[in-house]
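Since the model is a prediction, treat every value here as computed from it, not as a measurement.
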Amino acid sequence: MAGLCFLLVLLLAGRIPLDAATRFQDVASHGGAAAPVIRHQDRLHGWSPDQSMWNEKLYPVWKEGDSRWKSCWKGGQVRAILTSDSPALVGSNITFVVSLVFPRCQKEDESGNIIYEWSCKNGTASSLDSYVYNWTVWTEERDWGKCPNRSTHHVFPDGKPFPCHPGWKRKNFVYIFHTLGQYFPKLGRSSAIVSVNTANMSLGPQLMEVTVYRRGHRAYVPVASTRDVYMVTDEIPVFVNMSQKNDRNSSDAVFIKDLPVVFDVHLHDPSHFLNTSTIHYKWEFGDNSGLFVSNSPVFNHTYTLNGSFILNLTVQAAAPGLCPRPSPTPPAPTSAHSIVSIVKSSDAATPLPTDASLEDWRRAAPDESCQVTRYGHFLASLTIVEGILEVNIIQMTNIQKAVSQTEDSTIDFVVTCQGNTPTDVCTVISDPTCLWPQNTVCDPVEVNDQCLLTIRRAFSEAGMYCVNLTLGNEASLALTSTLVSINGKAPGSPARVGAGILIAISALTVFTVLLTFFVCKRYKEYKAIESCPGKVLNNNGLDVSFHKEKAMFFPANNEKDPLLKKEPGIV
């Protein structure tokens with residue numbers, strides 16, 4: 001009996017160092033509840049169980065509320081912000097991003113050191129442009145070598161050396177990710193990103209915890225910790241954007257009757273898991289219009305009745321998934337004609353004989369991924385009301401005033417609309433491209449059932465303008481636009497073109513008069529043609545004959561005949 005008690009004491013004494021040693025789950029949970037036992041299907045690729053030992057001497061562990069957290073960083077405390085692209089469809093990748101927020105006036109430089117911002121005034125001018133942590137100097141003081149090794153302190157808390165890749169020396173923070181009873185250490189700078197495949201994760205909400213350490217002279221110092229809940233689901237996350245022409249507020253789920261509503265479906269798939277999947281969208285709009293099936297994420301539907309309706313959308317996708325494991329060989333039935341089936345990746349059934357061995361089942365099971373049908377659902381309640389369907393300008397009248405030309409020009413716009421009557425009207429006057437608003441006026445209006453009203457607007461300057469008229473009520477807005485020319489002096493208008501032509505003709509007339517004046521002054525002295533009697537006598541017959549023929553075929557025009565210039569009074 002005494003020997004048995006002694007043996008129990010030895011066994012208990014042998015367990016004391018093991019129980020007293022710090023493990024990853026103790027650091028991640030900060031003394032909280034123990035992590036669940038890791039099941040085979042929950043194992044994450046590249047992650048380690050949190051039962052591994054933690055080197056507390058190199059990576060000290062502080063509990064929450066420890067006063068050392070307040071003095072672990074120069075100039076204040078560092079905050080860690082953890083985000084993810086959750087929810088994630090099982091089988092896809094989920095990405096976690098941790099970002100460090102440094103105290104005011106501190107930032108990370110290109111070498112990974114923490115410096116003060118030179119443009120930030122924090123009341124300590126002597127510390128500006130200096131280092132908060134100059135890890136580059138620490139690197140030069142130590143013999144780092146080309147790659148880290150176990151003989152140095154460049155290891156993770158479990159003793160594994162830092163990965164040897166370009167730029168690892170500039171990453172002065174160690175991030176410890178912990179979830180589902182497993183951990184993953186990573187070097188980083190002021191931020192770190194980790195992506196995990198969710199194929200082996202349990203469905204439902206899960207917790208991710210991150211502890212951040214900074215480089216120290218002899219050990220690593222904890223600077224921040226954070227946690228966040230993420231979701232793994234077997235349903236496709238579906239979001240639908242709904243919009244409609246003339247709808248005043250698309251976020252209130254109130255739309256207008258007799259105008260098409262545009263439904264734009266967005267699947268939350270940041271890792272592009274469903275890119276190669278065949279996706280079908282099944283629509284039920286709640287107005288007894290029937291079931292609509294489409295393979296396009298955009299669909300239009302027009303409600304023709306007022307009231308409240310329930311939109312029901314079902315998304316179906318053939319997503320990649322793990323093939324089901326073959327079940328054990330069933331006992332041989334009495335009938336020799338019975339067969340069993342196994343699911344293949346093509347969703348076809350392959351018959352096998354009833355006396356097939358387990359090895360035959362394994363050979364029949366596919367190695368590649370199978371197609372698994374996943375579904376997503378979206379429900380929304382829509383309210384359909386009367387609204388303004390269309391607005392048209394049927395007449396524009398320039399109001400004539402018996403005043404000086406310096407007064408504003410006024411135009412009456414006669415507007416008609418279809419659908420419900422408006423309660424307010426807004427006029428936006430812009431440049432001719434309708435891009436740069438110059439004046440906006442809004443007024444309440446009272447319109448009869450015929451929806452006919454006159455809008456009077458004044459223009460202070462001549463030119464071409466774009467006029468937008470918007471009629472609205474509680475649920476809808478309808479817009480129409482037109483171009484107007486004030487006083488006919490807009491660029492490119494016919495009046496301005498005519499004025500330009502008159503100016504050009506006047507300039508041409510002045511130029512012609514001046515040119516004539518100088519020509520006449522140059523040749524005002526008349527020189528008579530010398531007579532040559534011999535030549536006249538010798539060529540008289542030929543000259544007379546030529547003039548007769550010319551008079552027959554080319555009758556003379558006395559107004560253009562240059563011989564008339566020899567008469568008195570012609571210049």
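- Under the side chain to side chain donor-acceptor pair (under 3.5 Å) criterion, the residue pairs touching residues 85-96 are Asn93-Asn197, Thr95-Ser195, with sequence neighbours excluded.
- The disulfide (SG to SG under 2.5 Å) pairs that include a residue from residues 455-486 are Cys434-Cys466, where partners are two or more places apart or lie in different chains.
- Checked by atom type and distance alone, the side chain of Glu386 never pairs as donor or acceptor with a backbone atom of Ala475 at under 3.5 Å.
- Taking the side chain as every heavy atom from C-beta outward, Leu267 and Phe239 never approach each other to under 4.5 Å.
- Between Thr233 and Leu203, the shortest heavy-atom distance links the atoms C-CD2, 3.9 Å.
- Around atom NZ of Lys257, more than 12 heavy atoms belonging to other residues, nucleotides or ligands sit under 6.0 Å away.
- Within the 4.5 Å cutoff, side-chain heavy atoms of Ile455 are placed close to those of Thr427.
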Would you be so kind as to tabulate the donor-acceptor pairs closer than 3.5 Å made by side chains of residues 415-426, with sequence neighbours excluded?
| unit_1 | atom_1 | unit_2 | atom_2 | d |
| --- | --- | --- | --- | --- |
| Thr416 | OG1 | Cys451 | O | 3.3 |
| Thr423 | OG1 | Gly472 | O | 3.2 |

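- Put simply, the side chain of Asn246 reaches to within 4.5 Å of the side chain of Leu259, judged on heavy atoms.
- Residue-environment remark: CZ (Arg457) exceeds the threshold of 12 foreign heavy atoms within 6.0 Å.
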Pairs of donor and acceptor atoms involving the side chains of residues 273-284, under 3.5 Å and at least two apart or interchain, shall be tabulated with distances.
| unit_1 | atom_1 | unit_2 | atom_2 | d |
| --- | --- | --- | --- | --- |
| Ser277 | OG | Ala318 | O | 2.9 |
| Lys282 | NZ | Gln316 | OE1 | 3.4 |

Using distance only, find each side-chain donor-acceptor pair of residues 295-305 under 3.5 Å and give its atom names and separation, not counting sequence neighbours.
| unit_1 | atom_1 | unit_2 | atom_2 | d |
| --- | --- | --- | --- | --- |
| Ser296 | OG | Val298 | N | 3.3 |
| Ser296 | OG | Val298 | O | 3.4 |
| His301 | NE2 | Asp287 | OD2 | 2.8 |
| Tyr303 | OH | Phe285 | O | 3.0 |

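- Atom CD of Glu461 has 12 or fewer neighbouring heavy atoms from other residues, nucleotides or ligands inside a 6.0 Å radius.
- Using a 4.5 Å heavy-atom cutoff, the side chains of Arg189 and Glu108 are in contact.
- The 12-atom threshold is exceeded at CD of Glu235, counting heavy atoms of other residues, nucleotides or ligands nearer than 6.0 Å.
- Annotation: side chain of Tyr175 is in contact with side chain of Leu100 (closest heavy-atom distance under 4.5 Å).
- Judged as a ring-ring contact (aromatic ring centres under 6.0 Å, His included), the pairs with a partner in residues 85-115 (not counting sequence neighbours) are, in order, Trp73-Phe102, Phe96-Tyr230.
- Between Leu477 and Ile388 the shortest side-chain heavy-atom distance does not fall below 4.5 Å.
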